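Working notes, beginning with the structure itself.
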There are 2 protein chains.
Amino acid sequence: MGLDKINWKLLTLLSQNGRLTYAELAKLVHLSAPAVAERVRKLEELGVITGYGVQVNLEKAGIPITALIGCQVYRTKEREFKALIMEVDEVIECYNVTGPYAFMLKVGVKSMSKLDALLERLIDLSDTNTMMIMSQPVDRTMPLNIAQQD
Amino acid sequence: MGLDKINWKLLTLLSQNGRLTYAELAKLVHLSAPAVAERVRKLEELGVITGYGVQVNLEKAGIPITALIGCQVYRTKEREFKALIMEVDEVIECYNVTGPYAFMLKVGVKSMSKLDALLERLIDLSDTNTMMIMSQPVDRTMPLNIAQQD
DNA sequence: ATTGAAATTACCGTTGA
DNA sequence: TCAACGGTAATTTCAAT
């Protein structure tokens, strides 16, 4: 739990550039490369770091349409809904949240007709509210300056 | 735009493991390592790949509370709101969307009082609707099986 | 295939409990 | 005194060309 300042720095640096080498990280946190390697290894072991990935510009990748979909799932259909969601390729993120919109989805599609087809699949299990994403002014992996937060 | 099947495969593989080497990628797509390196280089140049990062378990990192906040921003305060959002450390993602909730935020905080303080900062510029995140059954970088989408 | 860099290992020293 | 952590150096692996 209590990650120290250096581990936070490492997480922040890696979230901004997951390909930094241990030597580069070492310079940035004023430690030796093996010391950094050991810290990162432990962060992975603890499950704090769960993996490494690329950041993709979906628009440039040929996915021009992304949307958030608030889903007011019918009380008896929650389990079924969750199972469905996990099978739908277009779903990028799915949050189970408090409040009337039990699930919030982020989806990416190639066309409006694809989006329409997707909503059709959901409508049997929930009322949906679709919000088209126009821009994303902030996109991070985690909060900033976490060390400063009490 | 028209990324071919192999480039999609590369993107998918890298989104699942951003540390795969060119040699490993080469085996998985049945090409030579230099050919893969060239493709990845071009994807970066085109801006399809915008970076590399780590995936972090916020809970294990000591950020136990995450929430989505729908923000109904007052008509005259949109610019001010956007400026504020970009300065708030706790904001992880911010989407500008269609519909009454002009902005949807994903935030991460260490305590409920921190969340309360954050909402206080927003309330002058917008009506907010907070949804606490209980779980995230799907977390991807992009849609699956994109090649199959027409 | 060769060169160079990065990861890993082993070993030692320091510190603090 | 012992456990935890970091540094240095040598070795081995591996990636880029």
Side-chain angles (χ1 to χ4, degrees), chain A residues 1-57 60-61 140-150, chain B residues 2-64 110 139-142 146-147:
Chain A
M1 174 120 308
L3 302 188
D4 67 12
K5 225 172 170 180
I6 290 181
N7 276 350
W8 281 119
K9 190 87 192 281
L10 289 174
L11 275 186
T12 304
L13 289 167
L14 282 172
S15 72
Q16 285 158 9
N17 182 356
R19 290 210 157 168
L20 286 170
T21 65
Y22 294 140
E24 291 167 319
L25 286 170
K27 283 206 171 173
L28 293 165
V29 301
H30 308 107
L31 282 180
S32 69
V36 167
E38 178 63 9
R39 278 171 174 267
V40 171
R41 196 194 59 73
K42 271 188 188 156
L43 286 172
E44 291 167 351
E45 189 181 86
L46 289 170
V48 175
I49 292 177
T50 59
Y52 297 83
V54 283
Q55 290 142 11
V56 175
N57 181 323
K60 290 192 178 166
R140 292 196 265 263
T141 301
M142 42 178 212
L144 294 178
N145 298 322
I146 302 170
Q148 276 79 320
Q149 290 197 32
D150 350 337
Chain B
L3 302 188
D4 67 15
K5 223 171 172 181
I6 290 180
N7 276 350
W8 281 119
K9 191 83 194 280
L10 290 174
L11 274 185
T12 304
L13 290 168
L14 282 172
S15 73
Q16 286 159 8
N17 182 355
R19 288 210 158 167
L20 287 169
T21 65
Y22 295 140
E24 291 167 318
L25 286 170
K27 283 204 173 174
L28 294 165
V29 300
H30 308 105
L31 282 180
S32 70
V36 167
E38 179 62 10
R39 277 170 175 269
V40 172
R41 197 193 60 72
K42 273 191 186 150
L43 287 171
E44 291 168 349
E45 190 181 86
L46 288 170
V48 175
I49 292 176
T50 59
Y52 298 83
V54 283
Q55 290 144 11
V56 174
N57 182 323
L58 290 177
E59 204 168 346
K60 290 192 177 166
I63 306 285
K110 287 202 163 183
D139 189 5
R140 292 197 264 264
T141 301
M142 43 180 210
I146 301 172

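By convention in this document, chain letters (A, B, ...) are assigned in the order of the sequence lines, proteins followed by strands, and residues within each chain are numbered from 1. Computed from a predicted model, the values in this text were never measured in an experiment.
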Let me know the distance between [atom1] of [X] and [atom2] of [N], rounded to the nearest Å.
| X | N | atom1 | atom2 | value |
| --- | --- | --- | --- | --- |
| A:D4 | C:dT15 | CG | P | 19 Å |
| A:E38 | C:dA10 | CD | C1' | 13 Å |
| A:L10 | D:dG6 | CG | C1' | 14 Å |
| A:E44 | C:dA7 | CD | P | 12 Å |
| A:N7 | D:dG6 | CG | C1' | 14 Å |

Applying a 4.0 Å non-hydrogen cut-off, can you work out what A:A35 is touching in the nucleic acid: base, sugar-phosphate, or nothing? sugar-phosphate

When rounded to the nearest 0.5 angstrom, what distance separates [atom1] in [X] from [atom2] in [Y]?
| X | Y | atom1 | atom2 | result |
| --- | --- | --- | --- | --- |
| A:R39 | A:K9 | CZ | NZ | 12.5 Å |
| B:L43 | B:W8 | CG | CH2 | 9.5 Å |
| A:L25 | A:L31 | CG | CG | 10.0 Å |

Apply side-chain contact (heavy atoms from CB on, under 4.5 Å) to B:Q55 and list each qualifying residue two or more places apart in sequence or on a separate chain. A:T50

Within the structure, does a side-chain N or O atom of A:R39 lie under 4.0 Å from either OP1 or OP2 of D:dC5? no

Where do A:E45 and A:K42 land on the salt bridge (Lys or Arg N to Asp or Glu O under 4.0 Å) test, with the steps shown first? CA-CA 5 Å; A:E45 189 181 86; A:K42 271 188 188 156; over 6 Å; no

At their closest point, which heavy atom of A:A26 faces which heavy atom of A:S32, and how far apart are they? CB-C, 3.6 Å

Output the residues of residues 17-31 of chain B in contact with DNA chain D, where contact means a heavy atom of the residue under 4.0 Å from an atom of the strand; sort by number or write none. B:T21, B:Y22

Counting side-chain heavy atoms from CB outward, which of D:dC5, D:dT17, D:dT8 is closest to A:K42? D:dC5

